[in-house]
Amino acid sequence: MAAHGHFHWNELLTRDFERAKAFYEAVIGWRFEAMPMPEGGPYWVAWQGDVPVAGMMDISDLRWSGVPANWFAYLAVDDVDARLAEAERHGATVHRRPFDVPGVGRIAILEQPDGAAIGWMTPAASAPA
């Protein structure tokens, strides 16, 4: 499991998977595998050799309107529920309450007091560090 307080995962929020995949395949050498999502559509996992290194999420639906394509980071925390409660006491705004992704971990999305958004994750025991 990733150490508490370390960045654990990065995710590209994009409207153009094919263009992004082609760019990172050519420039970095990543390969991609689709992971089915409960809401439909794939989540693309980028691999460097045998190690998953990043993901890509589709932001083409209306709830993401006005959000530019960007990289989004996830910080590993020892207990996402407890840490999120503490973050709220210190002025954070929660945008997505903790939810579980099987084999990945428990995740929450928050906005720290200065307005920057970040994901916090308690990685599953089987998740890559």
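Just so we're clear, the structure is a prediction, and the values are computed from it rather than from any experiment. Just so you know, residue 1 is the first one in the sequence shown, and it goes up from there.
- You'll find the ring centres of Y24 and W71 inside the 6.0 Å limit.
- W44 and F32 have perpendicular rings, their planes meeting at more than 60° on a 0 to 90° scale where under 30° would count as parallel.
- With no hydrogens or angles considered, no side-chain donor-acceptor pair links T14 and D16 at under 3.5 Å.
- Closest of all the heavy-atom pairs between P42 and M37 is C-CG, 3.9 Å.
- Here the side chains of V104 and P123 are not in contact, with every heavy-atom distance at 4.5 Å or above.
- Nearest heavy atoms, L13 versus W64: CD1-CZ3, 4.1 Å.
- Pairing each heavy atom of W9 with each of G55, the nearest pair is CZ2-N, 3.4 Å.
- In this structure, W120 CH2 and Q112 CD are separated by 8.5 Å, a value rounded to the nearest 0.5 Å.
- A87 approaches L110 most closely through the heavy-atom pair CB-CD1, 4.3 Å.
- With a 6.0 Å cutoff to the six-membered ring centre and a 45° limit on the axis angle, R19 does not count as a cation-pi contact of F17.
- Taking the side chain as every heavy atom from C-beta outward, I109 and R97 never approach each other to under 4.5 Å.
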task = Evaluate the side chain to side chain contact (heavy atoms under 4.5 Å, CB included) criterion for residues E88 and V94: first the C-alpha distance (whole Å), next the side-chain angles of each, then the deciding distance (0.1 Å), finally the verdict.
result = CA-CA 7 Å; E88 286 182 284; V94 179; 3.5 Å; yes
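- When all heavy atoms of V101 and I107 are compared, the closest pair comes out as CG2-CD1, 3.9 Å.
- One N or O on the side chain of H4 and one on the backbone of D78 form a donor-acceptor pair closer than 3.5 Å.
- At a threshold of 4.0 Å, the pair R83-E86 does not count as salt-bridged, since none of the basic side-chain nitrogens sits closer than that to a carboxylate oxygen.
- Side-chain contact check for H95 versus T93: some heavy-atom pair is nearer than 4.5 Å.
- Side-chain polar atoms of E25 and W30 form no donor-acceptor pair below 3.5 angstrom.
- In terms of heavy atoms, P113 sits closest to A92 at CG-N, 4.2 Å.
- Taken to the nearest 0.5 Å, the NZ atom of K21 stands 12.0 Å off from the CG atom of L12.
- The number of heavy atoms from other shown groups lying within 6.0 Å of CG (D114) is above 12.
- Taking the side chain as every heavy atom from C-beta outward, E11 and Y43 approach each other to under 4.5 Å.
- Under a 4.0 Å N-O distance rule, the pair D58/R15 does not qualify as a salt bridge.
- No more than 12 heavy atoms of other residues, nucleotides or ligands lie within 6.0 Å of CZ in F7, so this atom counts as exposed by the packing criterion.
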request  = Using the side chain to side chain contact (heavy atoms under 4.5 Å, CB included) rule, take R106 and M121 through it: C-alpha gap first, then chi angles, then the decisive distance, then the call.
outcome  = CA-CA 6 Å; R106 189 157 174 78; M121 174 190 302; over 6 Å; no
